[in-house]
Amino acid sequence: MGFLADALSRVKPSATIVMTQKARDLKAQGRDVISLSVGEPDFDTPQHIKQAAVEAIARGETKYPPVSGIVPLREAIAKKFKRENGLDYKPSQTIVGTGGKQVIYNALLATLNPGDEVVIPRPYWVSYPEMVGLCGGTPVFADTTMATNFKLQPEELERTITPKTKWVILNSPSNPSGAAYSHAEMKALTDVLVRHPHVWVLTDDMYEHLVYGDFTFVTPAQVEPALYERTLTMNGVSKSYAMTGWRIGYAAGPEQLIKAMDFVQGQQTSGAATISQWAAVAALDGPQDHLAEFRAAFQVRRDLVVSMLNQTNGLRCPTPEGAFYVYPSCAELIGKRTESGKVIETDEDFVTELLMAEGVASVHGSAFGLGPNLRISYATSNQLLEEACRRIQRFCGSLR
């Protein structure tokens with residue numbers, strides 16, 4: 001009998017974390033490395049949010065919080081959903097977790113039984129299938145293509161739903177592709193889901209505010225009210241408020257599900273850090289001026305990266321609607337050789353050789369379930385992005 005749980009054999013390490021650590025290790029060795037592998041805004045947390053945390057400490061808000069979150073934050077979450085999404089939730093229908101990842105994990109742990117299936121469009125955030133596996137469920141993948149900008153089509157969603165399907169996970173804007181669904185595109189998906197009343201919807205809206213141009217964000221229960229009673233709408237302050245290290249995610253949904261998630265969390269981590277929760281209250285209830293600044297800066301970066309990558313030998317890069325990632329194809333470079341004679345057989349070979357040759361860290365698309373592609377984060381300065389893209393152009397141009 002082995003000591004470690006069999007469940008670990010069903011789970012792969014996070015490729016984004018692995019590549020980010022490789023970049024850190026090379027930097028520690030003195031290499032000049034530009035890391036485009038991490039999904040983290042380079043902006044600082046807005047000052048009024050930091051000040052709210054300082055004031056919470058001064059007031060002595062340093063005790064154990066309620067498992068589901070402090071009342072002011074749950075009230076702020078309910079107000080946010082009404083104000084921004086037109087969704088009516090009571091504070092008792094909300095929950096706060098230690099990041100969005102815990103919120104999703106708790107929902108799956110509270111609902112999945114062996115044999116239950118979870119439909120996940122690919123490319124997907126690397127953690128979705130691993131969390132499903134850890135919770136005893138079976139991930140079922142719905143395919144997308146670059147021709148549709150990596151957006152799930154209703155026919156493919158219909159194909160993947162079976163009597164065993166318990167959840168469909170939707171992520172818009174997407175990590176890794178940046179793809180976001182318009183109202184019409186989301187309605188086409190919700191029309192399918194309405195026809196399958198046994199299927200619940202878990203929507204990951206973490207990049208909600210990071211959409212560009214005249215694109216308007218929508219979430220499933222907003223588009224189709226008939227799904228309200230079987231939708232968990234997850235969000236957080238990490239990306240839009242540059243609060244990744246504060247570790248606050250939240251969700252709203254049917255009260256029975258929220259209570260089950262509270263039960264799981266009570267025996268797992270209990271409540272999220274009290275001081276971070278008070279900071280999140282200030283984020284949701286306070287000034288939102290920084291959002292326009294973030295969006296404007298990220299749009300300039302997106303356009304810069306898309307333009308330079310599409311001028312790169314062998315890469316093709318769609319223009320995403322949101323988030324801060326691009327997901328170019330490197331299919332034309334598979335089978336080519338590096339100057340050292342290494343054959344690029346996979347997208348993982350491509351990103352590994354790019355890192356070693358030019359010091360640019362990215363993440364291979366096969367880690368997100370769809371390749372040969374790579375995910376590039378443009379959450380860094382224009383200067384670094386230009387230099388990174390020049391290095392990518394040089395590397396691709398050297399392949400024979």
Side-chain angles (χ1 to χ4, degrees), residues 12-24 27 33-45 97-105 120-131 150 169-180 203-212 217 234-250 291 294-295 297-299 301-302 304-306 309 317-318 320-328 347 351 354-355 360-371 373-381 384-385 388:
K12 301 187 293 292
S14 168
T16 55
I17 293 174
V18 169
M19 287 303 295
T20 299
Q21 188 57 49
K22 282 184 179 180
R24 289 191 185 119
K27 278 188 176 181
V33 175
I34 301 175
S35 181
L36 305 181
S37 60
V38 66
E40 181 172 52
D42 60 324
F43 301 113
D44 193 17
T45 304
T98 307
K101 185 179 287 187
Q102 186 188 24
V103 172
I104 297 170
Y105 185 81
I120 303 171
R122 55 183 170 191
Y124 47 71
W125 180 43
V126 293
S127 293
Y128 293 147
E130 311 311 322
M131 288 191 285
F150 305 111
I169 297 179
L170 296 176
N171 176 210
S172 173
S174 161
N175 175 5
S177 71
T203 177
D204 179 349
D205 298 350
M206 190 64 75
Y207 296 89
E208 170 185 4
H209 292 114
L210 301 180
V211 294
Y212 309 117
F217 172 84
M234 190 281 288
N235 211 312
V237 296
S238 297
K239 314 298 182 178
S240 299
Y241 298 91
M243 295 176 66
T244 50
W246 298 78
R247 308 309 303 132
I248 295 292
Y250 60 82
L291 293 176
F294 283 14
R295 279 193 296 268
F298 279 132
Q299 182 166 341
R301 295 172 180 185
R302 177 200 66 172
L304 166 67
V305 170
V306 169
L309 292 181
C317 185
E321 293 88 354
F324 40 68
Y325 310 105
V326 291
Y327 201 64
D347 52 13
V351 299
L354 173 63
L355 176 60
V360 176
S362 57
V363 187
H364 49 291
S366 54
F368 303 96
L370 183 66
N373 292 74
L374 59 151
R375 190 195 77 171
I376 290 174
S377 168
Y378 51 86
T380 191
S381 71
L384 284 176
L385 289 172

J.: After noting the C-alpha distance and the side-chain angles of Asn235 and Tyr250, does the key distance pass the side-chain contact (heavy atoms from CB on, under 4.5 Å) rule?
T.: CA-CA 5 Å; Asn235 211 312; Tyr250 60 82; 3.5 Å; yes
J.: Over all heavy atoms of both residues, which pair between Ala379 and Pro41 is shortest? Give the atoms and the distance, please.
T.: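 Nearest heavy atoms, Ala379 then Pro41: CB-CA, 4.0 Å.
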J.: Using the side-chain contact (heavy atoms from CB on, under 4.5 Å) rule, take Val351 and Val363 through it: C-alpha gap first, then chi angles, then the decisive distance, then the call.
T.: CA-CA 6 Å; Val351 299; Val363 187; over 6 Å; no
J.: Taking all heavy atoms of Pro328 and all of Leu309, pick out the closest pair and write down the distance.
T.: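 What the structure gives for the nearest pair is CG-CD1, 4.0 Å.
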J.: For Asp347 and Leu374, what are the C-alpha separation, side-chain angles and deciding distance, and is it a side-chain contact (heavy atoms from CB on, under 4.5 Å)?
T.: CA-CA 7 Å; Asp347 52 13; Leu374 59 151; 5.9 Å; no
J.: Any heavy-atom pair between the side chains of Val38 and Ser377 that's under 4.5 Å?
T.: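 Result no, sub-4.5 Å side-chain heavy-atom pair not found.
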J.: Atom OG1 in Thr45, atom OH in Tyr241: separation rounded to 0.5 Å?
T.: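 So the gap between those two atoms works out to 12.0 Å.
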J.: Nearest 0.5 angstrom please: Leu210 CG to Arg295 CZ, how far?
T.: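 The CZ atom of Arg295 is 8.0 Å from CG of Leu210, to the nearest 0.5 Å.
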J.: For the atom pair OG (Ser37) and NZ (Lys22), what is the distance rounded to the nearest 0.5 Å?
T.: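 Between atom OG of Ser37 and atom NZ of Lys22 there are 10.5 Å.
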J.: Is there a side-chain contact between Pro121 and Asn171, using heavy atoms and a 4.5 Å cut-off?
T.: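 Result no, sub-4.5 Å side-chain heavy-atom pair not found.
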J.: Given side chains that start at C-beta, do those of Tyr325 and Pro173 come closer than 4.5 Å, heavy atoms only?
T.: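 The answer is no; the side chains never approach within 4.5 Å.
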J.: Yes or no on side-chain contact (heavy atoms from CB on, under 4.5 Å) for Tyr378 and Val306, after CA distance, side-chain angles and deciding distance?
T.: CA-CA 10 Å; Tyr378 51 86; Val306 169; over 6 Å; no
J.: Looking only at heavy atoms, what is the nearest atom pair of Arg301 and Asp42, with distance?
T.: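 So the two residues come closest at NH1-OD1, 2.8 Å.
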J.: So, applying side-chain contact (heavy atoms from CB on, under 4.5 Å) with Asn175, which one of Tyr207, Tyr128, Tyr124 is it?
T.: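 Only match with Asn175 under side-chain contact (heavy atoms from CB on, under 4.5 Å): Tyr207.
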J.: Would you say the side chain of Val126 lies within less than 4.5 Å of the side chain of Arg375, judging by non-hydrogen atoms?
T.: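 When only atoms from C-beta onward are counted, Val126 and Arg375 do not touch, as no gap falls below 4.5 Å.
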J.: Using 0.5 Å steps for rounding, measure from the CG atom of Leu354 to the NE2 atom of His364.
T.: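 One gets 13.5 Å once the value is rounded to the nearest 0.5 Å.
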J.: For the residue pair Arg302 and Glu321, what are the closest heavy atoms and their distance?
T.: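 Reported closest heavy-atom pair: NH1-CA, 4.3 Å.
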J.: So, for Val326 and Cys317, which heavy atoms are closest and what is the spacing to 0.1 Å?
T.: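 Closest heavy-atom pair between Val326 and Cys317: CB-SG, 3.7 Å.
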J.: Examine Phe294 together with Phe324 and report whether their ring centres are nearer than 6.0 Å.
T.: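 Between Phe324 and Phe294, which both carry aromatic rings, the centre distance is not below 6.0 Å.
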J.: I need the Glu40 CD to Thr380 OG1 distance, nearest 0.5 Å.
T.: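 Going from CD on Glu40 over to OG1 on Thr380, the span is 11.0 Å.
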J.: Using side-chain heavy atoms (C-beta onward) and a distance below 4.5 Å, is Val305 in contact with Leu36?
T.: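 Val305 vs Leu36: side chains apart.
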J.: A side-chain contact here means heavy atoms from C-beta on lying under 4.5 Å apart; do Gln102 and Arg247 qualify?
T.: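 No, side chains not in contact.
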J.: Find the distance between CD1 (Ile104) and CE (Met131) and round it off to the nearest 0.5 Å.
T.: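 CE of Met131 is found 4.5 Å from CD1 of Ile104.
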J.: Could you pull out all residues at least two apart from Arg122 that satisfy salt bridge (Lys or Arg N to Asp or Glu O under 4.0 Å)?
T.: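 With neighbours one apart ignored, the set is Asp143.
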J.: Please report whether the ring centroid of Phe150 lies less than 6.0 Å from that of Phe368.
T.: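 No - the distance between ring centres of Phe368 and Phe150 does not fall below the 6.0 Å cut-off.
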J.: For the residue pair Gly322 and Tyr212, what are the closest heavy atoms and their distance?
T.: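 In this case the closest contact between Gly322 and Tyr212 is CA-CE1, 3.6 Å.
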